[in-house]
Amino acid sequence: MKKEAKYIATVSLGVMGAGFLATIPVASTVWGDFLQGGFEAGVVGGLADWFAVSALFRHPMGIPIPHTALLPKNREKITNALVSTVQNELLSKETIRARLQQIRFLERGLELAESHLDSEALHKGLSALAKQALSAIDLEKLTPLLADEISKALQDVDTSRLVRALVDTVKDGGYDGKTFDFVLDKVEAWAFKSETRDQLGAMALKAFEGLQSNGFMAFAVNAFIGMVNEEKIGGIIQNFLLSYIEQMRMKQHPRREAVLSFIRNELNKLERNPKLLAELESLKTKLPDMFEMDAKLSALLVRLKARAEEFVDQPDFVPVHVVPILRNVLASVKENEALLQRGEIWVQEQIASYLEKNHSKIGQLVKENLDKFDNEKLTQLMEDKIGKDLQWIRVNGAICGFIIGLGLAGLKMLF
């Protein structure tokens with residue numbers, strides 16, 4: 001309570017008392033009696049209001065007069081009334097909900113976030129968050145999980161479609177013709193050798209010698225064998241092979257096209273070859289073990305994590321790589337009115353739901369804070385807040401009593 005107000009109230013009562021005492025000697029005079037009536041009423045009014053104000057907080061003069069010390073005696077009622085007023089009137093669910101609907105939470109949040117994108121503190125926080133996220137990755141748990149998912153993905157591959165895709169790639173890229181040319185190159189290189197010529201000649205002579213024939217045929221065969229040797233007959237066969245290979249190299253040659261057509265037909269049959277498909281299905285289950293999937297995947301993840309940590313640790317990681325992404329995301333959200341509206345509705349629904357569940361805690365909070373004060377502390381607190389106005393009630397009581405007393409004394413003198 002302000003000492004000045006209390007001092008003025010006391011002075012006003014003292015003035016009235018002093019005036020009453022001062023007018024006693026001259027009470028027999030007209031003006032003395034008139035003034036004494038005013039000061040007497042002022043003393044009564046001041047004392048009455050002093051009693052009323054004091055009775056709110058304590059027993060006047062320590063005397064336990066009934067219906068005094070109203071605040072301490074009725075503390076529970078006052079507390080409950082205050083809690084009910086705050087919870088059900090001042091901060092009712094409807095009042096808070098109506099006020100919340102006027103606030104654009106998401107829009108303000110986006111503006112606040114955008115205004116802090118260049119903040120050094122935000123950059124440090126995002127960098128620390130990224131490092132923390134990377135360090136929290138448990139590669140020992142992640143590796144078998146990824147390996148298992150890769151294995152499942154391999155098993156889900158349609159083998160027939162895979163074969164068809166490979167065959168189409170081979171044909172579309174002309175790899176059948178390129179492979180055929182490669183084989184021709186190797187055959188030509190083999191056929192061109194002198195050793196090959198001699199081997200072919202020896203094989204041909206043995207074949208002729210093994211012929212079972214009689215009469216003129218036997219005579220003709222023996223005569224032919226006597227005319228040629230391994231080198232000559234081998235050279236004939238060699239020249240034939242080289243000539244045939246050269247024909248096979250020629251684009252659009254009937255023999256080449258016949259061979260390629262046969263190859264392509266056989267390739268088209270592969271997707272329906274049950275034996276091949278069964279082998280590929282078996283191979284799919286063996287691939288992870290064949291390539292040591294777990295070990296290689298673990299090493300890969302370790303390298304990726306190390307590279308990621310180095311990348312995140314760079315000074316320009318957040319301002320150059322993260323902030324532009326966040327800025328674009330915020331801009332796209334702000335430009336999308338429909339999305340922004342749905343977001344606002346969602347945020348307000350969440351707040352309203354939280355309010356619905358926790359509204360009673362407003363009253364509990366008020367009660368808990370009031371219960372922290374004992375009667376003396378609560379009385380002192382209220383006197384500090386409203387005591388000045390209450391003391392002016394005492395001043396007004398003394399002044400009003402004085403004026404009313406003068407009026408009554410005047411009426412008494414008139415009648």
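Because the structure is predicted, anything quoted here is derived from the model rather than measured.
- Side-chain atoms of Phe180 and Leu184, non-hydrogen and from C-beta on, do get closer than 4.5 Å to each other.
- Of all non-hydrogen atoms in Leu339 and Asn336, the two that sit nearest each other are N-OD1, 3.0 Å.
- Side-chain contact between Asn239 and Arg197 is absent, with no heavy-atom pair separated by less than 4.5 Å.
- Residues Leu241 and Leu200 meet the side-chain proximity criterion, which asks for heavy atoms closer than 4.5 Å.
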Set out, in order, the CA-CA distance, both residues' side-chain angles and the distance that settles salt bridge (charged side-chain N to carboxylate O under 4.0 Å, His left out) for Arg161 and Asp168, then state yes or no. CA-CA 10 Å; Arg161 290 183 61 185; Asp168 290 342; over 6 Å; no

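- In this structure, Lys357 is not positioned above the aromatic face of Tyr354 in the sense of NZ or CZ being under 6.0 Å from the six-membered ring centre and within 45° of the axis.
- Here the closest heavy-atom approach between residue Phe317 and residue Ala130 is recorded as CE2-CB, 4.0 Å.
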Between Thr23 and Glu40, is the side chain to side chain contact (heavy atoms under 4.5 Å, CB included) condition met? List the steps. CA-CA 10 Å; Thr23 56; Glu40 182 180 9; over 6 Å; no

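- Using a 30° and 60° split on the angle between ring planes, Tyr244 and Phe240 fall in the tilted class, from 30° to 60°.
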Check the pair Leu162, Leu280 against side chain to side chain contact (heavy atoms under 4.5 Å, CB included), reporting the backbone distance first and the verdict last. CA-CA 10 Å; Leu162 175 62; Leu280 291 176; 5.7 Å; no

Between Asp156 and Lys152, does a salt bridge (charged side-chain N to carboxylate O under 4.0 Å, His left out) hold up when you go through it step by step? CA-CA 6 Å; Asp156 291 339; Lys152 289 180 180 178; over 6 Å; no

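- Atom CZ of residue Arg307 and atom CG of residue Leu134 lie 13.5 Å apart, to the nearest 0.5 angstrom.
- Applying the 6.0 Å contact sphere to OH of Tyr175 captures no more than 12 heavy atoms from other residues, nucleotides or ligands.
- The two atoms that bring Glu344 and Ile103 nearest to each other are OE1-O, 4.4 Å, heavy atoms only.
- A heavy-atom distance below 4.5 Å is found between the side chains of Ile345 and Gln341.
- Taken to the nearest 0.5 Å, the CG atom of Asn273 stands 11.5 Å off from the CG atom of Leu267.
- Within the model, atoms NZ of Lys171 and CD1 of Ile263 stand 12.5 Å from one another, a figure rounded to the nearest 0.5 Å.
- Between Glu266 and Lys269, at least one side-chain N (NZ, or NE/NH1/NH2) sits under 4.0 Å from a carboxylate O, which counts as a salt bridge.
- Gln247 is not listed as a side-chain neighbour of Arg256, based on a closest heavy-atom distance of 4.5 Å or more.
- Within the 4.5 Å cutoff, the side chain of Leu110 has no heavy atoms near those of the Glu107 side chain.
- Once rounded to the nearest 0.5 Å, the distance linking CD of Glu246 with NE2 of His253 reads 10.0 Å.
- Shown here for Gln238 and Lys193, the closest heavy-atom pair between the two residues is NE2-O, 3.0 Å.
- Distance alone, capped at 3.5 Å, places no donor-acceptor pair between the Thr196 side chain and the Phe192 backbone.
- Arg164 has its side chain within reach of Val167: a pair of non-hydrogen atoms, C-beta onward, lies under 4.5 Å apart.
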Could you pull out all donor-acceptor pairs under 3.5 Å where a side-chain atom in residues 281-299 meets a protein atom, sequence neighbours excluded?
{"from": "Glu281", "atom 1": "OE1", "to": "Lys284", "atom 2": "NZ", "distance (Å)": "3.2"}
{"from": "Glu281", "atom 1": "OE2", "to": "Thr159", "atom 2": "OG1", "distance (Å)": "2.4"}
{"from": "Glu281", "atom 1": "OE2", "to": "Lys284", "atom 2": "NZ", "distance (Å)": "3.4"}
{"from": "Lys284", "atom 1": "NZ", "to": "Gln155", "atom 2": "O", "distance (Å)": "3.3"}
{"from": "Lys284", "atom 1": "NZ", "to": "Val157", "atom 2": "O", "distance (Å)": "2.7"}
{"from": "Lys284", "atom 1": "NZ", "to": "Thr159", "atom 2": "OG1", "distance (Å)": "3.3"}
{"from": "Thr285", "atom 1": "OG1", "to": "Ser282", "atom 2": "O", "distance (Å)": "2.6"}
{"from": "Lys296", "atom 1": "NZ", "to": "Phe291", "atom 2": "O", "distance (Å)": "3.2"}

Show, in sequence, the C-alpha distance, side-chain angles and deciding distance for Asp185 and Arg249, and conclude whether the side chain to side chain contact (heavy atoms under 4.5 Å, CB included) test is met. CA-CA 9 Å; Asp185 288 340; Arg249 286 183 185 281; 2.4 Å; yes

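- Applying the side-chain hydrogen bond (donor to acceptor under 3.5 Å, both in side chains) test to every pair with at least one member in residues 121-147, sequence neighbours left out, gives these pairs: Lys131-Asp313.
- Atom CG in Asn265 sits 11.0 Å away from atom CG in Leu270 (nearest 0.5 Å).
- Annotation: side chain of Leu301 is in contact with side chain of Leu146 (closest heavy-atom distance under 4.5 Å).
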For residues 321-335, which side-chain N or O atoms pair as donor and acceptor with protein atoms under 3.5 Å away, sequence neighbours left out?
{"from": "Arg327", "atom 1": "NH2", "to": "Asp118", "atom 2": "OD1", "distance (Å)": "3.1"}
{"from": "Asn328", "atom 1": "ND2", "to": "Pro324", "atom 2": "O", "distance (Å)": "3.1"}
{"from": "Ser332", "atom 1": "OG", "to": "Asn328", "atom 2": "O", "distance (Å)": "3.2"}
{"from": "Ser332", "atom 1": "OG", "to": "Val329", "atom 2": "O", "distance (Å)": "2.7"}
{"from": "Lys334", "atom 1": "NZ", "to": "Glu114", "atom 2": "OE1", "distance (Å)": "2.8"}

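- A distance of 4.5 Å separates NZ in Lys305 from CG in Leu139, rounded to the nearest 0.5 Å.
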